[in-house]
Amino acid sequence: MANLYLTEQGSVLKKTGDRIIVQKEGEVLLDVPCNKIEAVLIFGNVQFTTQAVHELFEHGIEMAILTRTGRLIGQLTSPMTKNIDLRVQQFKKHEDEAFKLDFSKSVVQGKITNSLQILRSFGYNHPEIGLKEEINGLEKAALEVPKIANGESLNGVEGNAARIYFNGFRKMILGEFGFTGRKKYPAPDPVNGLLSLGYTMVFNEISSLLDGLGFDPYLGYYHKIDYGRASLASDLLEEFRAPVSDRLTLKLINNRVLKQEDFYKNPKGEGVYLTREALKRYFAEYEDFTNNEFLHPETKEKTTLRKCFRIQIENLASFVKGDKGYHPFFLEI
């Protein structure tokens with residue numbers, strides 16, 4: 001199944017039978033059965049009927065509401081699952097400082113290791129750009145994580161590793177685009193815009209999956225509780241930032257799938273965004289990227305990045321219930 005991205009401004013999402021259709025000015029733009037849809041993402045001024053929402057919920061399909069430029073505003077989801085035991089355990093573990101530190105170290109270890117893998121792979125193919133200093137820096141950071149004794153020190157190591165990584169990421173941007181460092185809210189350049197969009201896409205998928213399995217996405221372990229933030233989704237996003245969003249951004253920029261003319265500056269404020277047509281191409285590329293099959297690094301079975309989102313959440317559920325330890329997703333390139 002795939003995500004359904006609705007970007008046509010002024011269109012309306014409706015239902016007919018057990019199918020979902022998208023209409024605009026009397027013309028049917030899309031007609032798809034619900035059993036082919038994983039989630040619906042609505043960008044900007046796209047309307048939907050109550051009947052369509054009912055049909056989606058009956059099929060267990062969640063909806064994400066985003067601005068036209070891709071900023072997540074909220075989600076529509078069916079009532080919480082009946083997995084009350086998991087939520088009880090999740091809340092109990094939030095009072096367990098040793099558990100929280102153990103899990104937090106795992107996700108930071110995953111983030112640093114996956115970032116390191118990208119630098120190594122890119123450096124192997126492009127030795128002329130010189131990534132040795134950044135690779136050495138991340139290798140050192142990865143060795144520090146297991147020794148860390150508290151969350152404050154972990155934040156320090158993670159922050160320093162991110163600074164080192166994005167310095168290397170800057171060198172990996174080839175061609176016409178510039179990148180001086182990671183900046184957000186709003187993204188000041190196309191590269192930061194693509195990174196932010198990719199993180200939002202993964203965050204939304206993880207948040208929906210957490211909710212579907214029975215977790216409360218707002219109660220995290222590495223990220224502190226913050227009003228309106230799905231902190232547990234933010235936790236799990238960390239190990240997928242580099243494997244999904246960063247790699248996809250490099251692919252789109254360096255292979256010239258996206259060019260300068262595919263971006264525009266917000267005429268009413270700050271920020272750089274994809275044009276509507278380029279956004280459609282981005283979604284198609286995102287779908288291909290997350291559904292591309294590869295061998296899972298642990299099970300050696302065929303999988304996809306999208307399946308790995310679910311696998312990691314199921315692993316977290318086992319960890320919370322005390323069945324087994326948590327192992328982050330490690331990218332193999």
Side-chain angles (χ1 to χ4, degrees), residues 60 62 64 72-115 141-162 184-185 199-200 202-244 298 308-330:
E62 298 190 344
L72 181 66
I73 296 175
Q75 293 170 295
L76 294 179
T77 179
S78 55
M80 282 189 171
T81 67
K82 298 177 181 178
N83 200 346
I84 183 62
D85 288 342
L86 179 60
R87 286 201 296 282
V88 168
Q89 291 301 318
Q90 180 190 0
F91 276 74
K92 282 184 177 178
K93 292 298 186 185
H94 191 263
E95 305 303 319
D96 185 338
E97 295 299 327
F99 174 92
K100 287 198 294 186
L101 180 61
D102 188 12
F103 174 72
S104 299
K105 287 165 67 173
S106 291
V107 296
V108 171
Q109 188 77 70
K111 179 179 183 178
I112 294 175
T113 302
N114 289 333
S115 300
L143 291 173
E144 289 179 22
V145 173
K147 307 171 188 172
I148 290 173
N150 58 68
E152 186 176 355
S153 297
L154 185 62
N155 287 335
V157 170
E158 189 271 339
N160 186 51
K184 49 190 176 181
Y185 307 130
Y199 299 150
T200 297
V202 178
F203 173 88
N204 180 60
E205 293 208 39
I206 290 175
S207 182
S208 296
L209 289 169
L210 284 167
D211 191 55
L213 193 61
F215 279 109
D216 183 335
Y218 290 84
L219 187 71
Y221 298 123
Y222 179 48
H223 291 83
K224 295 180 179 178
I225 295 174
D226 191 7
Y227 184 83
R229 181 180 70 187
S231 295
L232 191 59
S234 297
D235 288 353
L236 289 167
L237 168 64
E238 297 295 350
E239 59 200 83
F240 288 107
R241 285 179 184 269
V244 185
E298 291 185 15
C308 287
F309 300 157
R310 184 180 297 275
I311 291 171
Q312 288 307 110
I313 293 167
E314 291 171 348
N315 288 342
L316 176 58
S318 296
F319 186 42
V320 166
K321 290 187 288 188
D323 295 339
K324 63 178 184 179
Y326 182 80
H327 300 285
F329 170 74
F330 287 126

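When a residue number appears, it is its place in the shown sequence, counting from 1.
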Check: Looking at Phe309 versus Phe329, is the centre-to-centre ring distance below 6.0 Å?
Finding: no
Margin query: Just to verify, what does Tyr218 make a ring pair (Phe, Tyr, Trp, His ring centres under 6.0 Å) with, not counting sequence neighbours?
Written below: none
Next item on the list: Apply side-chain hydrogen bond (donor to acceptor under 3.5 Å, both in side chains) to Ser318 and list each qualifying residue two or more places apart in sequence or on a separate chain.
Entry: none
Next item on the list: May I ask you to test the Asp216-Leu232 pair for a side-chain heavy-atom distance under 4.5 Å?
Entry: no
Check: Donor-acceptor pair, Gln312 side chain versus Leu236 backbone, under 3.5 Å?
Finding: no
Check: About how many Å separate CD of Glu205 and CG of Leu237, when rounded to the nearest 0.5 Å?
Finding: 11.5 Å
Item checked: Gln90 versus Leu219, closest heavy-atom pair with distance -> NE2-O, 3.0 Å
Margin query: By the salt bridge (charged side-chain N to carboxylate O under 4.0 Å, His left out) test, which pairs, at least two apart or in different chains, include something from residues 142-152?
Written below: none
Next item on the list: Could you tell me the separation between the CD atom of Gln89 and the CZ atom of Phe215, rounded to the nearest 0.5 Å?
Entry: 10.5 Å
Margin query: Checking Lys92 against Val88 for the side chain to side chain contact (heavy atoms under 4.5 Å, CB included) test, could you report, in this order, the C-alpha distance in whole Å, the side-chain angles of both residues, the deciding distance, and whether it holds?
Written below: CA-CA 6 Å; Lys92 282 184 177 178; Val88 168; 3.9 Å; yes
Check: Which atom names give the shortest non-hydrogen contact between Ile206 and Ile313, and what distance separates them?
Finding: O-CD1, 3.8 Å
Notebook entry, point to check: Quick one: does Leu213's side chain get under 4.5 Å of Leu316's, heavy atoms only?
Noted result: no
Note to self: Under 4.0 Å between a side-chain nitrogen and a carboxylate oxygen: does that hold for Arg241 and Glu238?
What the structure shows: yes
Check: If every non-hydrogen atom of Pro328 is compared with every non-hydrogen atom of Gly110, which pair is closest and at what distance?
Finding: CB-CA, 3.8 Å
Notebook entry, point to check: What pair of heavy atoms forms the shortest contact from Leu101 to Ala149, and how long is it?
Noted result: CD2-O, 3.3 Å
Notebook entry, point to check: Quick check: does any side chain N or O of Ser115 sit under 3.5 Å from a backbone N or O of Ala242, one acting as donor and the other as acceptor?
Noted result: no
Notebook entry, point to check: Distance from His223 atom NE2 to Arg229 atom CZ, nearest 0.5 Å?
Noted result: 5.5 Å
Margin query: Do Phe103 and Lys93 make a side-chain contact, defined as non-hydrogen atoms from C-beta onward lying under 4.5 Å apart?
Written below: no
Item checked: Contact list for residues 97-110, test salt bridge (charged side-chain N to carboxylate O under 4.0 Å, His left out), sequence neighbours left out -> Glu97-Lys100
Note to self: The criterion is side-chain hydrogen bond (donor to acceptor under 3.5 Å, both in side chains); which residues satisfy it with Ser208, sequence neighbours excluded?
What the structure shows: Glu62, Gln75
Next item on the list: Please tell me if the side chains of Asn315 and His327 come closer than 4.5 Å, counting only heavy atoms from C-beta onward.
Entry: no
Check: Nearest 0.5 Å, what's the NZ-CG distance between Lys224 and Asn155?
Finding: 7.5 Å
Notebook entry, point to check: Is any side-chain heavy atom of Asp85 closer than 4.5 Å to a side-chain heavy atom of Asn83?
Noted result: yes
Check: Between Glu239 and Ile112, is there a donor-acceptor pair closer than 3.5 Å when you use the side chain of the first and the backbone of the second?
Finding: no
Note to self: Could you work out, with side-chain hydrogen bond (donor to acceptor under 3.5 Å, both in side chains) as the rule, every residue matching His94, not counting sequence neighbours?
What the structure shows: none
Checklist line | Smallest separation among heavy atoms of Leu210 and Pro217, with atom names | finding: CB-CG, 4.2 Å
Check: Does Val145 offer a backbone N or O that forms a donor-acceptor pair with the side chain of Gln109 under 3.5 Å?
Finding: no
Item checked: Candidate pair Tyr199 and Lys184, rule side chain to side chain contact (heavy atoms under 4.5 Å, CB included), full reasoning -> CA-CA 11 Å; Tyr199 299 150; Lys184 49 190 176 181; over 6 Å; no
Item checked: Residue of the set Phe99, Tyr326, Phe91 for which ring-ring contact (aromatic ring centres under 6.0 Å, His included) holds with Tyr221 -> Phe99
Checklist line | Where Ser234 and Phe203 come nearest, the two heavy atoms and their spacing | finding: OG-CE1, 3.5 Å
